[in-house]
Amino acid sequence: KRILIRGARKNTNNIYNYHTLINYLISWYKKDDCQSDELIVEIQNLIDEATFKNPNDTLLLTEYGKVYQLLKDSEKSKDYFNKAIEINPRNMAARYLLTRIFMSEGEYKLALNICDDGIKLKKDEVSINRLRFELLHIKDDISDDFIINEYEIYLSNFPKDNFIKLCYAS
């Protein structure tokens, strides 16, 4: 871990080093049985360093949102994901994670709107489309005919999405 952090800090002008390291450390933290406070502080410090030089980097804002998810602070997570989406509406990772938070809170209409807005910008975004179909099935006020029609439209444009084919078939 220390070697990776030193490596990222050697070339502080390359934001990609920070992105990669932060993402890796967050994954490491999630898998860590102890979930060390030291590691989460180190992640926050790295994000702070990177954000100081790149305050509007939407991937860093997304990483901040992930950190606050780990800390179980969904309000701060939502703030960071929203800011990332405001700056770059095509940040599908932030959209996906924000949608998941709203789904966990039972805010399905808001979650569906986030997906719909993302799909308008990038029709072929698999994760957002799949999440949207999941939401369509959860919401009580959407008819089966509407959902079937949505499957048919999607599959006519993306016929190789076998996961959605299976969902449609069931």
Side-chain angles (χ1 to χ4, degrees), residues 8 12-27 29-30 43-44 46-142 146-165 167-168:
T12 59
N13 293 326
N14 186 347
I15 193 65
Y16 180 75
N17 289 350
Y18 279 107
H19 288 277
T20 304
L21 178 60
I22 292 164
N23 197 334
Y24 179 75
L25 290 175
I26 288 172
S27 295
Y29 180 84
K30 286 179 182 177
I43 294 168
Q44 287 175 308
L46 282 167
I47 295 173
D48 287 342
E49 281 177 33
T51 305
F52 181 75
K53 291 185 177 191
N54 302 282
N56 291 322
D57 186 292
T58 61
L59 295 177
L60 288 175
L61 293 170
T62 302
E63 298 301 336
Y64 252 133
K66 289 180 185 178
V67 167
Y68 282 106
Q69 276 186 308
L70 295 174
L71 297 173
K72 308 219 183 308
D73 188 338
S74 65
E75 291 307 311
K76 281 191 178 179
S77 285
K78 289 190 283 190
D79 289 343
Y80 279 105
F81 295 144
N82 273 317
K83 187 173 181 185
I85 293 166
E86 277 178 35
I87 294 170
N88 178 7
R90 291 182 173 273
N91 183 332
M92 296 301 159
R95 280 188 185 282
Y96 180 88
L97 294 166
L98 183 60
T99 299
R100 280 282 178 208
I101 290 173
F102 283 124
M103 287 174 70
S104 72
E105 295 173 347
E107 296 287 343
Y108 302 124
K109 184 174 180 170
L110 226 76
L112 188 57
N113 288 341
I114 294 165
C115 285
D116 286 343
D117 289 346
I119 290 168
K120 287 175 191 170
L121 297 170
K122 193 171 183 211
K123 291 184 188 304
D124 64 341
E125 179 60 36
V126 173
S127 62
I128 297 293
N129 274 295
R130 290 179 180 178
L131 197 53
R132 181 175 179 270
F133 281 112
E134 185 178 336
L135 280 161
L136 291 176
H137 285 283
I138 291 172
K139 286 190 73 206
D140 293 334
D141 60 343
I142 297 178
F146 179 82
I147 296 171
I148 290 169
N149 187 52
E150 291 295 302
Y151 275 118
E152 290 171 353
I153 290 169
Y154 178 79
L155 289 170
S156 71
N157 292 315
F158 307 103
K160 294 185 179 180
D161 190 336
N162 291 327
F163 179 81
I164 294 296
K165 282 182 187 177
C167 293
Y168 177 55

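Values reported hereafter were calculated over all heavy atoms of this structure, with side chains retained and with hydrogens, waters and symmetry mates removed.
- Note on residues 109-118: pairs passing side chain to side chain donor-acceptor pair (under 3.5 Å), not counting sequence neighbours, are D116-R132.
- With sequence neighbours left out, the salt bridge (Lys or Arg N to Asp or Glu O under 4.0 Å) criterion links R90 to no other residue.
- With a 4.5 Å cut-off on side-chain heavy atoms, L61 and I85 do not count as touching.
- Sorted by first and then second residue, the ring pair (Phe, Tyr, Trp, His ring centres under 6.0 Å) pairs with a member in residues 75-116 read Y64-Y80, Y68-Y80; sequence neighbours excluded.
- Looking only at distances, a side-chain donor or acceptor of S77 sits under 3.5 Å from a matching main-chain atom of Q69.
- Under the side chain to side chain donor-acceptor pair (under 3.5 Å) criterion, the residue pairs touching residues 152-164 are R130-D161, E152-Y168, Y154-D161, with sequence neighbours excluded.
- Taking each heavy atom of S74 and I101 in turn, the nearest pair found is CB-CG2, 4.0 Å.
- The list of salt bridge (Lys or Arg N to Asp or Glu O under 4.0 Å) pairs with a residue in residues 17-27, not counting sequence neighbours, is empty.
- Side-chain contact between L71 and K76 is absent, with no heavy-atom pair separated by less than 4.5 Å.
- Using a 4.5 Å heavy-atom cutoff, the side chains of V126 and F158 are not in contact.
- Side-chain atoms of R95 do not come within 3.5 Å of backbone N or O of I119 as any donor-acceptor pair.
- In terms of the salt bridge (Lys or Arg N to Asp or Glu O under 4.0 Å) criterion, K123 has no residue partners (sequence neighbours excluded).
- Every residue two or more places apart in sequence or in another chain that forms a side chain to side chain donor-acceptor pair (under 3.5 Å) with T62 is listed here: N91.
- Here D79 pairs with nothing under the side chain to side chain contact (heavy atoms under 4.5 Å, CB included) rule; sequence neighbours left out.
- The side chain to side chain donor-acceptor pair (under 3.5 Å) test applied to K78 returns E75, E105, not counting sequence neighbours.
- The shortest side-chain heavy-atom distance between L21 and L46 falls under the 4.5 Å cut-off.
- Every side chain to side chain donor-acceptor pair (under 3.5 Å) that S127 has, sequence neighbours left out, goes to E125.
- Under the side chain to side chain contact (heavy atoms under 4.5 Å, CB included) criterion, I26 pairs with I22, K30, I43, E63, K66, V67, L70, sequence neighbours left out.
- Remark: D141 engages K139 in a salt bridge (Lys or Arg N to Asp or Glu O under 4.0 Å) (not counting sequence neighbours).
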